[in-house]
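Input: a single structure, listed below in structure tokens.
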Amino acid sequence: MKKQIKVRKVKNKPFRITKFFWLGVAALVMIVGIGMIIPFKPSANTLELAVNASSLKTIDTKGQIEGFKTQMLDSWQEEAKLKGILEIPKRYQGMTLNAVKPNNKDKIIALTFDDGPWPKYTEQVLDILKTNNVKGTFFVIGNNMKNLPVVGKRIVTDGHTIANHTWHHWYHRLNPSVAAKEINDTEEIIYKVTGVRTNLFRPPGGVLGNGPAAYARSKKYSVIMWSADSNDYKRPAASRLIGNVMRFSKPGGIVLMHDGGGVRDSTVKALPEMIKKFKQQGYRFVTIPEMLELEDQQLAIASK
Ligand SMILES: [Zn+2]
């Protein structure tokens, strides 16, 4: 008997060890598994950090640089939205620009519209941009913002950039205090109507030497000119207007058009076809702050 028991013990011992061993392993696997699943259900922040880290590590390929730039732009826009201000990069503050030079000839183009808000035409332009999912930049006149605040506000709520084009649209030489008032009053009405404080300025008629542009630069505005003039104020046929724009357009270019200041039927007629042509040529549309931010990021990456 004694011997038998001994034998049984010897026989059973490995069985028991094996059974409990595997039960233990199964329990461990479950605990570790659950432990791994919980942290991998990511919060937005964790995911963002992970994406940022991977972008920084492997920034040597073109696709990843593009991704990195898009991320930077997105986070910057979010920040700007929270602040209610579209801060322009430092290197462009107090400067005059008529285009940017994107890396790799990145096919970006900025459509800009001056002299609104204006009855009928501004809303027609906004409708066309909305249909085509295009964002533009509107240089508004302070006095027109006062007269048509609902339309002026729609520029911003539709996702476009609003910018300063003086209160009276005067071309003649202004003394410093009048020049300052032209800019400041317009900045204030834009802020009052839309909640956005702009620091982009375009001088009426492109006149740089009559006072307002110098004041704007001293206030760290970017003075934004253009590289492709549609000459739409001459009311050309739509096909001619499109030709004017396409002939002078290049990556990083800025297109000048008007949604206000007079009869703008030819601008409204030409716009859908112009957008189509740009898209066919592989262009994507950016606002002026987006354009400046993209170039700033490229320059920052290039100088690292
Ligand atoms: Zn103008």
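What's counted below: heavy atoms across the whole structure, side chains too, no hydrogens, waters or symmetry copies.
- Partners of Lys269 under the side-chain contact (heavy atoms from CB on, under 4.5 Å) rule, at least two apart in sequence or in another chain, are Ala238.
- The line from CG of Asn164 to CD1 of Ile183 is 5.0 Å long, rounded to the nearest 0.5 Å.
- Of all the heavy atoms in Met95 and Arg91, the pair that sits closest is SD-O, 3.0 Å.
- Arg235 is linked by a salt bridge (charged side-chain N to carboxylate O under 4.0 Å, His left out) to nothing, counting only residues two or more places apart in sequence or in another chain.
- A ring-ring contact (aromatic ring centres under 6.0 Å, His included) check over residues 264-304, counting only residues at least two apart or in different chains, returns the pairs Phe278-Tyr283, Phe278-Phe285.
- Considering only heavy atoms from C-beta on, Val223 stays 4.5 Å or farther from Leu97 through its side chain.
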Intermediate values then yes/no, side-chain contact (heavy atoms from CB on, under 4.5 Å), Thr96 and Leu208: CA-CA 9 Å; Thr96 304; Leu208 288 165; 4.2 Å; yes
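- Taking a 6.0 Å sphere around NZ of Lys181, one finds it holds 12 or fewer heavy atoms contributed by other residues, nucleotides or ligands.
- No more than 12 heavy-atom neighbours from other residues, nucleotides or ligands sit within 6.0 angstrom of NZ on Lys276.
- Through chains of ILVMFWY side-chain contacts below 4.5 Å, Val151 is grouped with Leu148.
- Of the charged side-chain nitrogens involved, none lies within less than 4.0 Å of a carboxylate oxygen, so that Glu188 and Lys192 do not count as a salt-bridged pair.
- For Lys146, the side-chain contact (heavy atoms from CB on, under 4.5 Å) partners two or more places apart in sequence, or in a different chain, are Asn143, Trp167, Ile189.
- Under the rule for a side-chain contact (heavy atoms from CB on, under 4.5 Å), the partners of Asn133 that lie at least two apart in sequence or sit in another chain are Lys135.
- With hydrogens and angles ignored, the 3.5 Å screen pairs a side-chain donor or acceptor of Asn175 with a backbone N or O of Ser177.
- Applying the side chain to side chain donor-acceptor pair (under 3.5 Å) criterion to Glu295, with sequence neighbours excluded, gives Tyr92.
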Verdict with reasoning, Leu200 to Ile224, per side-chain contact (heavy atoms from CB on, under 4.5 Å): CA-CA 7 Å; Leu200 298 173; Ile224 306 297; 4.0 Å; yes
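- Looking only at side-chain heavy atoms (C-beta outward), Ser222 and Asn199 stay at 4.5 Å or farther from each other.
- Listed by chain and residue number, Arg154 satisfy the side chain to side chain donor-acceptor pair (under 3.5 Å) test with Asp158 (two or more places apart in sequence, or in another chain).
- Taking Asp265 as the reference, Lys120, Tyr121, Val263 meet the side-chain contact (heavy atoms from CB on, under 4.5 Å) condition, with sequence neighbours excluded.
- Side-chain atoms of Asn132 never come within 3.5 Å of backbone atoms of Val134 as a donor-acceptor pair (strictly under, hydrogens ignored).
- Nearest heavy-atom pair, Ser227 versus Gly253, reported as atom, atom and distance to 0.1 Å: OG-CA, 3.3 Å.
- Taking the six-membered ring where the residue is Trp, His168 and Trp170 present parallel rings, their angle staying beneath 30° rather than reaching 60°.
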Mind running side-chain contact (heavy atoms from CB on, under 4.5 Å) on Val125 and Val268 for me, showing each step along the way? CA-CA 6 Å; Val125 166; Val268 168; 4.2 Å; yes
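- Counting only distance, with no hydrogens or angles, the side chain of Arg202 and the backbone of Val140 share no donor-acceptor pair below 3.5 Å.
- Pairs of residues two or more places apart, or lying in two chains, that qualify as side-chain hydrogen bond (donor to acceptor under 3.5 Å, both in side chains) and include a residue from residues 249-264 are Thr122-Asp259, Asp232-His258.
- With hydrogens and angles ignored, the 3.5 Å screen pairs no side-chain donor or acceptor of Asn210 with any backbone N or O of Leu174.
- Side-chain contact between Leu126 and Phe138 is present, with at least one heavy-atom pair separated by less than 4.5 Å.
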Could you go through the side-chain contact (heavy atoms from CB on, under 4.5 Å) check for Thr186 and Ile141 one step at a time? CA-CA 7 Å; Thr186 305; Ile141 294 173; over 6 Å; no
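- Between the CD atom in Gln281 and the CD1 atom in Ile109 there is a gap of 9.0 Å [rounded to 0.5 Å].
- Between Leu111 and Leu271, some side-chain heavy-atom pair lies under the 4.5 Å cut-off.
- For the ring-ring contact (aromatic ring centres under 6.0 Å, His included) condition, no pair includes a residue of residues 217-253, sequence neighbours left out.
- With Asp296 contributing its side chain and Pro89 its backbone, the two residues share no donor-acceptor pair below 3.5 Å.
- In this structure, Pro102 and Pro251 approach most closely via the heavy-atom pair CD-O, 3.5 Å.
- In this model, a donor atom of one side chain and an acceptor atom of the other lie less than 3.5 Å apart for Asp115 and His165.
- The closest side-chain heavy-atom distance from Ile155 to Thr194 is not below 4.5 Å.
- Residues Ala163 and Thr137 share a closest heavy-atom pair of CB-CG2, 4.4 Å.
- For Tyr215, the side chain to side chain donor-acceptor pair (under 3.5 Å) partners at least two apart in sequence or on another chain are Asn184.
- The shortest distance between side-chain heavy atoms of Leu256 and Asp229 falls below 4.5 Å.
- Lys279 places none of its side-chain heavy atoms less than 4.5 Å from the side chain of Arg284.
- Using modelled atom types, one side-chain atom of Glu290 and one backbone atom of Thr287 make a donor-acceptor pair closer than 3.5 Å.
- Within the 4.5 Å cutoff, side-chain heavy atoms of Pro203 are placed close to those of Met225.
- Using modelled atom types, one side-chain atom of Thr198 and one backbone atom of Ile162 make a donor-acceptor pair closer than 3.5 Å.
- For Ser266 (side chain) and Ala237 (main-chain N/O), no donor-acceptor pair under 3.5 Å exists by modelled atom type.
- Annotation for Gly282 and Lys107: closest pair O-CB, 3.5 Å, computed over non-hydrogen atoms.
- Rounding to the nearest 0.5 angstrom, the gap separating the CD atom in Glu187 from the CD atom in Glu182 is 13.5 Å.
- Remark: the backbone N or O of Ile242 is not paired with any side-chain donor or acceptor of Lys277 at under 3.5 angstrom.
- In this structure, the side chain of Ser230 does not engage the main chain of Leu241 through any donor-acceptor pair within 3.5 Å.
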